[in-house]
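Below is one structure, written out as structure tokens, with a few remarks after it.
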Amino acid sequence: MIKLNIKNAVTENAIKKYSNVVKNIATKMEKLETDGFEYLGWKDLPANYNKIEFKKIKNTVKRLEREKVDTLVVIGIGGSYAGAKAGIEMIQGEFPSKRKMEIIYVGESISSTNLSQKLVYVEDKNFAINVISKSGTTTEPAIAFRMFKKILEKKVGINNASKFIIATTDANRGSLLSMAKENNFTTFSIPDNVGGRFSVLTPVGLFPLAASGVNIDKIMKGALIAHKKYSSIDLEENDAYKYAVARVILSKKLPVELMVQYEPQMKAFNEWWKQLAGESEGKNHKGVFPSSAIFSTDLHSLGQFIQDGSKILYETVLTVAQPNFDVLLEENESNVDNLNYLAGKTISEVNNVAFQATTDAHVKVGKVPNIHIEYERMDELSFGELVIFFERAVAMTAYLLGVNPFNQPGVEVYKQNMFKYLGKPE
């Protein structure tokens, strides 16, 4: 269950003033009458996802396990990998005691050093490839796929390699789909009405999540719970839309939103959210700049600025009600480190006090508005809920700002420049 607290950021009366406009936008979203309506397929996925393909995901993972695959190379950029990585790290942590397959991510940059090291890393692994691209021509993943496919073919043979390549791509068109058909790759489809940064609950995210050992049934259950909660057109009943309104109000004076987590394994979730918000809202000289931090780590680098620097940001702080693990601090006879005053407390209790103390300092002394979102656990149910919560909130924020949440015209400029400078044929 997600709990939203906006009292340290905006007033309830300020939120209520948006009731009618939110109801109007939400109604149009449900009727598919908004700008970009053709990409609203994500909002109903928890209720009507493709059950046949869902079963195929599980069966493909089982097949790869029978083939003794220990590593899945996920090739994609942006929304093609960020959601899966966010879920895997949130649920399993950075150092899990058990993971069905190790997941490594490539094609998310064009760094020669990074790519070279990953190519060497998989040489002694029994690896499979999941290449994710709607077109198959995006530069970064296309380069990576060519190189990792070559290594795979060398390891298992050209004729055998197709068993270990899974293509997640457009259902009807594109160079990757053509290659998959020609070489008999296993394929999963990216729905036409779901854009990349909203695609984590499609095979784009679900296949890598399942391969890592995450329970994707529970993810969809959590997403369905959120779908029922956040589909309401009534602002009073919809915390996702309340959060969206709070962001719009704050953005009029503060150009930066800092997402803060108190759990290091939520770092990838921050990165997923940054793309979701930045690419959906940052158009027509509108939208806040999405940034992120992990506390208390970043209190030792950014804390001074947040507390006492220029007033350019507000904070959205996420905390977990029940951590997956905990550690008890015990009394030490010598007490050389003077920590016996903490004896009998757990690390999570100390972390929660750090959250409370920081909130008091930032809000009461630093005058930094704080939105607080508490979720239940770092597990599949909560991940599914959080995905729907933030997707709903970001879409509503964009519509309130008067922009289409589902295009990215600015991104296309750099791509076209790259093609021109590299001499790509028309």
Side-chain angles (χ1 to χ4, degrees), residues 50 52-81 84 100-110 115-116 118-192 194 196 199 202-212 216 415 419 422 424-425:
N50 187 327
I52 295 173
E53 197 156 53
F54 194 80
K55 185 176 181 180
K56 183 181 174 184
I57 287 171
K58 295 179 181 179
N59 289 337
T60 302
V61 171
K62 289 177 182 176
R63 176 177 66 78
L64 294 178
E65 285 185 288
R66 289 194 298 270
E67 297 282 357
K68 308 299 184 185
V69 169
D70 56 35
T71 303
L72 181 68
V73 177
V74 175
I75 300 177
I77 194 166
S80 293
Y81 85 99
K100 191 172 285 187
M101 294 179 202
E102 181 184 9
I103 312 295
I104 70 166
Y105 308 91
V106 302
E108 82 284 28
S109 78
I110 323 177
L115 182 61
S116 297
K118 289 173 179 175
L119 287 166
V120 171
Y121 182 78
V122 300
E123 284 182 351
D124 62 349
K125 304 286 184 180
N126 294 322
F127 73 93
I129 294 171
N130 178 206
V131 55
I132 306 168
S133 175
K134 209 155 194 175
S135 65
T137 59
T138 304
T139 306
E140 295 92 336
I143 289 172
F145 182 44
R146 175 179 285 198
M147 294 189 170
F148 279 87
K149 181 171 172 285
K150 183 178 180 180
I151 291 180
L152 181 64
E153 289 173 345
K154 185 178 179 181
K155 281 179 69 75
V156 303
I158 293 177
N159 295 331
N160 208 31
S162 61
K163 290 197 304 183
F164 300 95
I165 298 176
I166 296 90
T168 306
T169 188
D170 192 280
N172 303 301
R173 66 188 73 84
S175 63
L176 181 55
L177 180 65
S178 298
M179 187 189 303
K181 288 180 176 179
E182 185 178 332
N183 294 278
N184 201 31
F185 302 159
T186 297
T187 59
F188 294 112
S189 298
I190 305 172
D192 285 338
V194 179
S199 66
T202 73
V204 169
L206 293 177
F207 179 70
L209 282 157
S212 75
I216 58 175
K415 289 182 180 179
F419 294 154
L422 290 170
K424 180 180 178 180

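In this text the structure is predicted, and so the values were computed from the model without any measurement. Heavy-atom basis, side chains included; hydrogens, waters and symmetry copies ignored.
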Quiz item: Atom CD1 in Ile75, atom OG in Ser133: separation rounded to 0.5 Å?
Solution: 10.5 Å
Exercise. Taking the side chain as every heavy atom from C-beta outward, state whether Thr139 and Lys424 have any atom pair closer than 4.5 Å.
Key: no
Quiz item: Once you round to the nearest 0.5 Å, how far does CZ of Phe54 lie from CG of Asn59?
Solution: 11.5 Å
Practice problem: Over all heavy atoms of both residues, which pair between Gly107 and Ile77 is shortest? Give the atoms and the distance, please. | Solution: O-CB, 3.5 Å
Quiz prompt | Spatial distance of atom NZ (Lys55) from atom CD1 (Ile57) [nearest 0.5 Å] | solution = 13.5 Å
Enumerate donor-acceptor pairs with a distance under 3.5 Å from any side-chain N or O in residues 177-187 to protein atoms, sequence neighbours excluded.
| from | atom 1 | to | atom 2 | distance (Å) |
| --- | --- | --- | --- | --- |
| Ser178 | OG | Gly174 | O | 3.2 |
| Asn183 | ND2 | Met179 | O | 2.8 |
| Thr186 | OG1 | Arg63 | NH2 | 3.4 |

Quiz item: Ile104 and Val74: side-chain contact (heavy atoms from CB on, under 4.5 Å), yes or no, with the steps?
Solution: CA-CA 6 Å; Ile104 70 166; Val74 175; over 6 Å; no
Quiz item: Rounded to the nearest 0.5 Å, how far apart are CD1 of Ile132 and OG1 of Thr169?
Solution: 10.0 Å
Practice problem: Could you tell me whether Asn159 atom CG has more than 12 heavy atoms of other residues or ligands within 6.0 Å of it? | Solution: no
Exercise. Report the C-alpha distance between Phe188 and Phe207 in whole Å, list the side-chain angles of each, state the deciding distance to 0.1 Å, and finish with yes or no for ring pair (Phe, Tyr, Trp, His ring centres under 6.0 Å).
Key: CA-CA 9 Å; Phe188 294 112; Phe207 179 70; 5.4 Å; yes
Run the side-chain donor-acceptor check on residues 140-158: report pairs under 3.5 Å with partners two or more places apart or on a different chain.
| from | atom 1 | to | atom 2 | distance (Å) |
| --- | --- | --- | --- | --- |
| Glu140 | OE2 | Tyr414 | OH | 3.2 |
| Lys149 | NZ | Glu153 | OE2 | 2.8 |
| Lys155 | NZ | Glu123 | O | 2.8 |
| Lys155 | NZ | Lys125 | O | 3.2 |

Quiz item: Nearest 0.5 Å, what's the CG-CD1 distance between Asn130 and Ile166?
Solution: 6.0 Å
Practice problem: Kindly give the heavy-atom pair with the smallest separation between Val204 and Ser199, and that separation in Å. | Solution: CG1-OG, 3.4 Å
Quiz prompt | Close side-chain approach of Pro203 and Glu53, heavy atoms under 4.5 Å | solution = yes
Quiz item: NZ of Lys134 to OG of Ser80: how many Å apart, nearest 0.5 Å?
Solution: 10.0 Å
Self-check item: Stepwise side-chain contact (heavy atoms from CB on, under 4.5 Å) check, Thr168 with Val131
Solution: CA-CA 6 Å; Thr168 306; Val131 55; over 6 Å; no
Can you give each donor-acceptor pair under 3.5 Å made by side-chain atoms of residues 64-72, sequence neighbours left out, with the distance rounded to 0.1 Å?
| from | atom 1 | to | atom 2 | distance (Å) |
| --- | --- | --- | --- | --- |
| Glu67 | OE2 | Lys163 | NZ | 3.4 |
| Asp70 | OD1 | Asn126 | N | 3.3 |

Quiz item: Are side-chain N/O atoms of Asp170 and Ser135 paired as donor and acceptor at under 3.5 Å?
Solution: no
